[in-house]
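Atom set for the values below is all heavy atoms of this structure, side chains included, hydrogens, waters and symmetry mates excluded. As the structure is a computational prediction, the values presented were derived from the model and not from experiment.
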Amino acid sequence: MVNDLIKPDYIFEVSWEVCNKVGGIYTVLSTKARTLQKLYEKRIIFIGPDLTVNNVYFIENEDVFHEWKEYATAVSGLKVRTGYWDIPGKPYVILVDFEPFYPVKNTLYARMWEWFGVDSLHAYGDYDEACMFSLASALIIESFYTFGLTGGEKVIAHFNEWTTGMGALYIKHKFPEIGTVFTTHATGIGRSIAGNNKPLYAYLKGYNGDQMARELNMVSKHSLEKTTAQQVDCFTTVSDITARECEQLLERKPDVVVLNGFEDDFVSKGKNYDKKRSEARKLLLYVAENLLGYRPSADTFLIATGGRYEYKNKGLDVFIDVMHNINQTGNVDKDIIAFIMVPAYVDCPRRDLVDNMSNDILDPALQFPFITHWLHDQGNDAVLKQIIYRGFKNTRDEKVKIIFVPSYLTGSDGIFNKSYYDLLIGMDVTIFPSYYEPWGYTPLESIAFSIPTVTTDLAGFGLWVNRIRDEIETGTGVKVVHRSDFNYFDVINVIAKSIESLINKSDEDIAVIRRQALHTSNKAQWQYFIKNYQQAYHIALSKKAGNTTEN
């Protein structure tokens, strides 16, 4: 029972994505913050990297932890800014400048080898940056603890993803009385196996994580992640499918599966929802009109995919081929515009598109009418190459037009100038045919906005929907497609037929499906999933108390 669990007095949660919108971890933390605050009042403190002076997600307030800041600067040499995360609940945030710690990098790596056997010798890429940030975060927790938390308070230090592993290990070694929790949102080696076109699932039991790390040049990252998973007081991951992956590749079975919830604070209601949906559709069609050179019908069916640019893992290849399939069969009554909203190596907004949008006269179609922003090294972009290979022309007589939006949609991309959520609300359906997807926030976000979605059973979210399907007798608004290592073309055909069926339904039937989608999303709210985090805190604190009994 939740009431029997040990309750922490303070929780420090560390992530590279605190006040730094990169991917799904940002959504995890920012949406659960208010629920955590309700449970632990003002005792939850987020720690993130200080990457920019004008951080749009951060509200600086020098009075927050003012006395501690003076102590931390004088004693630990920490350079921090304090304030609030600009999200529902506005939780406390400490942003840290980790640059000053690079001179001690080699000393840190030597200590980690001596203490835990972490192999940093083969490090490259973002390894140093991640470890300097995680060290700085650990020093914040150390400083906070020694400054004012020595009265027997029960403290949790929660670290997210391999990027914070060195901080978790530092706290584990220096302050064993603090309960350490580590969450891997996707194993680095599992993601790499999948991304390198190796069959992850069919042969999972045959993979050795250390061996694959050597083969895929990931020795240091894997060593850090595996060691952190094995050393912390409580190890967690976000879905059953990733738990199996952790057990095989990291050689520790997660203590708790912490399913990722969502909060409807981010979703407009009632008349405001209708207004925002209308605005989004109008803008999406307007951008398409000025790119394609003709005015799409008002009832054009709008389809989208999004997420991180992982061409195979996120199913971007499948999405394009589904659109090609529908374009070839023509078994739909409406025109379709399919948007790929995935940040890429963007150069700048298209000047010709901006000029077209500023004119009242409808100009001819632009050259290369598949993209809203120019890219660096555009000729080698995998998405564009597949669009061209599949023969899309984006002419008026094609049933399906496909548009790549390769910019982060934060409200200032230069074309749409709206956030991802403010465009998502205008869609008719979304498709996320992932091959590697530990959870899958994008389909959950979609149904929270009453947008029906398609996902796969290789996504943690898809597995969850399958598990609760019997509880929702009226339908879920979610199509979960079976995907394996070897059924690529079956997946394309099943999704294409599903989308064709949806498009050809009546407006009344579609309205019912939209309501079903929203109803399903309500079952994934944090109020239902937060108990898993409470269990994780309890396990970690039980070990601090010398009591390993888990309720």
Side-chain angles (χ1 to χ4, degrees), residues 21-22 56 279-298 300-311 314 316-317 319-320 323-324 327 335-428 430-431 442:
K21 195 168 188 177
V22 177
V56 297
E279 289 174 351
R281 287 188 61 83
K282 183 177 179 180
L283 178 57
L284 288 161
L285 291 171
Y286 186 64
V287 171
E289 168 187 324
N290 285 281
L291 191 62
L292 305 176
Y294 77 95
R295 187 162 289 119
S297 169
T300 296
F301 208 78
L302 303 184
I303 302 175
T305 193
R308 186 155 50 183
Y309 198 145
E310 294 180 23
Y311 184 66
K314 299 298 182 184
L316 302 180
D317 49 356
F319 181 84
I320 296 169
M323 294 303 110
H324 171 69
N327 207 30
D335 285 339
I336 298 169
I337 299 178
F339 293 89
I340 301 174
M341 296 178 167
V342 176
Y345 191 18
V346 70
D347 181 6
C348 61
R350 290 186 64 162
R351 184 72 254 170
D352 51 357
L353 178 55
V354 173
D355 290 343
N356 268 14
M357 292 171 62
S358 65
N359 297 327
D360 292 330
I361 301 172
L362 185 59
D363 291 312
L366 298 179
Q367 289 187 327
F368 207 69
F370 308 108
I371 193 165
T372 58
H373 299 68
W374 296 126
L375 301 177
H376 297 286
D377 196 22
Q378 188 160 295
N380 289 316
D381 181 80
V383 165
L384 291 177
K385 286 169 71 174
Q386 183 74 352
I387 289 172
I388 294 168
Y389 173 72
R390 286 305 186 190
F392 285 95
K393 303 297 183 185
N394 277 5
T395 56
R396 184 195 292 259
D397 59 347
E398 286 181 291
K399 272 294 180 184
V400 181
K401 270 67 69 173
I402 193 163
I403 296 174
F404 185 19
V405 184
S407 176
Y408 278 104
L409 293 170
T410 60
S412 58
D413 63 275
I415 298 295
F416 293 95
N417 296 323
K418 280 187 179 290
S419 71
Y420 173 74
Y421 287 163
D422 284 339
L423 294 175
L424 173 65
I425 198 172
M427 298 299 171
D428 292 302
T430 55
I431 305 172
T442 44

Please list, one pair per line, the donor and acceptor atoms closer than 3.5 Å that link side chains of residues 283-291 to other protein atoms, with sequence neighbours excluded.
unit_1, atom_1, unit_2, atom_2, d
Tyr286, OH, Met357, O, 2.7
Glu289, OE1, Arg295, NE, 3.2
Glu289, OE2, Arg295, NH2, 3.1
Asn290, ND2, Tyr286, O, 2.8

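- Across Phe319 and Ile431, no two heavy atoms sit closer than the pair CD1-CB, 3.8 Å.
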request  = Kindly indicate, with the supporting measurements, whether the criterion side chain to side chain contact (heavy atoms under 4.5 Å, CB included) is fulfilled by Met323 and Phe392.
outcome  = CA-CA 9 Å; Met323 294 303 110; Phe392 285 95; 3.9 Å; yes
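- Between Ile340 and Phe404, the closest heavy-atom pair is O-CD1, 3.3 Å.
- The backbone N or O of Lys393 lies less than 3.5 Å from a partner atom in the side chain of Glu398, making a donor-acceptor pair.
- Side-chain atoms of Asp413 never come within 3.5 Å of backbone atoms of Ser407 as a donor-acceptor pair (strictly under, hydrogens ignored).
- Nearest heavy-atom pair, Met427 versus Phe339, reported as atom, atom and distance to 0.1 Å: CE-CD1, 3.9 Å.
- By the side-chain contact (heavy atoms from CB on, under 4.5 Å) test, Lys399 pairs with Asn327, Val332, Asp335, sequence neighbours left out.
- Between the side chain of Arg396 and the backbone N or O of Leu292 there is no donor-acceptor pair closer than 3.5 Å.
- Side-chain contact, Lys401 with Tyr294: a donor N or O sits under 3.5 Å from an acceptor N or O.
- Nearest heavy atom pair, residue Leu375 against residue Ala344, reads CD2-CB, 3.9 Å.
- In this structure, the side chain of Arg350 engages the main chain of Ile371 through a donor-acceptor pair within 3.5 Å.
- A distance of 5.0 Å separates CD1 of Ile337 from OG1 of Thr300, quoted to the nearest 0.5 Å.
- The shortest non-hydrogen separation linking Thr395 to Asp397 is OG1-OD1, 2.5 Å.
- Annotation for Val342 and Gly307: closest pair CG1-O, 3.6 Å, computed over non-hydrogen atoms.
- At distances below 3.5 Å, at least one donor-acceptor pair connects side-chain atoms of His324 with backbone N or O atoms of Arg390.
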key: Stepwise side chain to side chain contact (heavy atoms under 4.5 Å, CB included) check, Thr430 with Thr442   = CA-CA 9 Å; Thr430 55; Thr442 44; over 6 Å; no
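- Around the OH atom of Tyr345, the shell of radius 6.0 Å holds no more than 12 heavy atoms that belong to other residues, nucleotides or ligands.
- The structure places CZ of Arg351 at 10.5 Å from CG of Asn356, a figure rounded to the nearest 0.5 Å.
- In this structure, SG in Cys348 is found 8.0 Å from NE2 in His376, a value given to the nearest 0.5 Å.
- Put simply, the side chain of Val354 reaches to within 4.5 Å of the side chain of Ile415, judged on heavy atoms.
- Asp422 places none of its side-chain heavy atoms less than 4.5 Å from the side chain of Phe416.
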inquiry  = The test is side chain to side chain contact (heavy atoms under 4.5 Å, CB included); show your working for Ile388 and Phe368 and say whether it passes.
reply    = CA-CA 10 Å; Ile388 294 168; Phe368 207 69; 3.7 Å; yes
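- The shortest side-chain heavy-atom distance between Thr372 and Pro406 falls under the 4.5 Å cut-off.
- For the atom pair Leu384 CG and Ile320 CD1, the distance stands at 8.0 Å (nearest 0.5 Å).
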key: Verdict with reasoning, Asn394 to Ile402, per side chain to side chain contact (heavy atoms under 4.5 Å, CB included)   = CA-CA 7 Å; Asn394 277 5; Ile402 193 163; 4.0 Å; yes
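- Looking at Tyr408 and Lys21, their side chains never come closer than 4.5 Å, going by heavy atoms from C-beta outward.
- Rounded to the nearest 0.5 Å, atoms CE (Met341) and CG (Leu409) are 6.0 Å apart.
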